[in-house]
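A quick note: this is a predicted structure, and the numbers were derived from the prediction, not measured. Both counts, for ligands and for their atoms, begin at 1 and track the order of listing. Just so you know, these numbers use all the heavy atoms, side chains as well, and skip hydrogens, waters and symmetry mates.
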Amino acid sequence: MASELKIGERVLALVKGDITQIPADVIVNAANEGLTGGGGVDGAIHRAGGPAIMGDLQRRYGKRRQCPTGSAVVSEAGDLPAKWVIHAVGPRWRGGNFLEADLLWSAYRSAFHMADQLEARTVTFPAISTGIYGYPADKAAPVILSALKEGLEGAEFVERVTIVLFTGGPLAIFEEALEAGV
Ligand code: AR6
């Protein structure tokens, strides 16, 4: 099964693991619109990174901060093995007729663009929206892979993007989608 796609000198890779344990210039978080922290990967990132992340979000974006679905913001990474965390907000799955694919695409493209502007060379992404927000992994995988492929094709700095899947099921689904062609 394919776990890497080469795009010229650049690479889109899939790995199984805990995103908080993998060093990268930028770690992308699956956040909510209020940037309040929460469960899933968001909880894990704030726990592992420590209070510096929330403190920095507060400083940059204020108490009433809002990050609309499909967009992203940046903070420092605290104790995580990264320079920055980019907090991207994916859509809740509502059956597929509520622009979910467009919003998921936009969350990935916004986060990617921000990482490239920060001159990141390595970026890790979780499978945004596919946990608490209920987006089926088999429907999310082609959207996510093509958004990141397009990002890599136009990148100035980003050389390696890794999608970190927490469990084996989603990893197999992403591998299959990569194999099927992006
Ligand atoms: N490393 C990598 N992936 C992980 C990790 C981890 N440590 N932990 C979970 N995942 P979710 P969402 C996977 O629910 O669906 C929060 O409360 C998980 O298995 O984290 O976008 C936010 O504050 C799944 O495949 O994010 C929002 O309110 C994927 O990460 C809401 O959840 C995304 O699952 C966002 O929901």
Practice task
Step by step, work out the side-chain hydrogen bond (donor to acceptor under 3.5 Å, both in side chains) result for Thr122 and Glu159.
Solution key: CA-CA 6 Å; Thr122 55; Glu159 291 168 354; over 6 Å; no
Practice task
For the pair Val161 and Tyr108, evaluate side chain to side chain contact (heavy atoms under 4.5 Å, CB included) and give the outcome as yes or no after the intermediate values.
Solution key: CA-CA 11 Å; Val161 167; Tyr108 275 86; over 6 Å; no
Problem - Stepwise salt bridge (Lys or Arg N to Asp or Glu O under 4.0 Å) check, Asp25 with Arg121 - result: CA-CA 6 Å; Asp25 291 336; Arg121 295 191 182 281; 5.9 Å; no
Exercise for the section: List for me each residue that meets side-chain hydrogen bond (donor to acceptor under 3.5 Å, both in side chains) alongside Asn32, sequence neighbours excluded, and say none if there are none. Expected result: Thr36
Handout entry: Any donor-acceptor N/O pair, Glu4 side chain to Leu12 backbone, under 3.5 Å
Key = no
Problem - Glu150/Arg109 ion pair, N-O < 4.0 Å - result: yes
Show me a pair-per-line table, with atom names and distances to 0.1 Å, of protein N or O atoms that are under 3.5 Å from an N or O of ligand 1.
residue  : atom   : partner : partner atom : Å
ligand 1 : 1 (N)  : Ile19   : N            : 2.9
ligand 1 : 7 (N)  : Asp18   : OD1          : 2.9
ligand 1 : 14 (O) : Ile132  : N            : 2.8
ligand 1 : 15 (O) : Ser129  : O            : 3.4
ligand 1 : 15 (O) : Gly131  : N            : 2.9
ligand 1 : 15 (O) : Ile132  : N            : 3.2
ligand 1 : 15 (O) : Tyr133  : N            : 3.0
ligand 1 : 17 (O) : Gly39   : N            : 2.8
ligand 1 : 20 (O) : Val41   : N            : 2.7
ligand 1 : 21 (O) : Ser129  : N            : 2.7
ligand 1 : 23 (O) : Asn32   : ND2          : 2.8
ligand 1 : 23 (O) : Asp42   : OD2          : 2.7
ligand 1 : 25 (O) : Thr130  : OG1          : 3.0
ligand 1 : 28 (O) : Tyr133  : OH           : 3.4
ligand 1 : 34 (O) : Gly131  : N            : 3.3

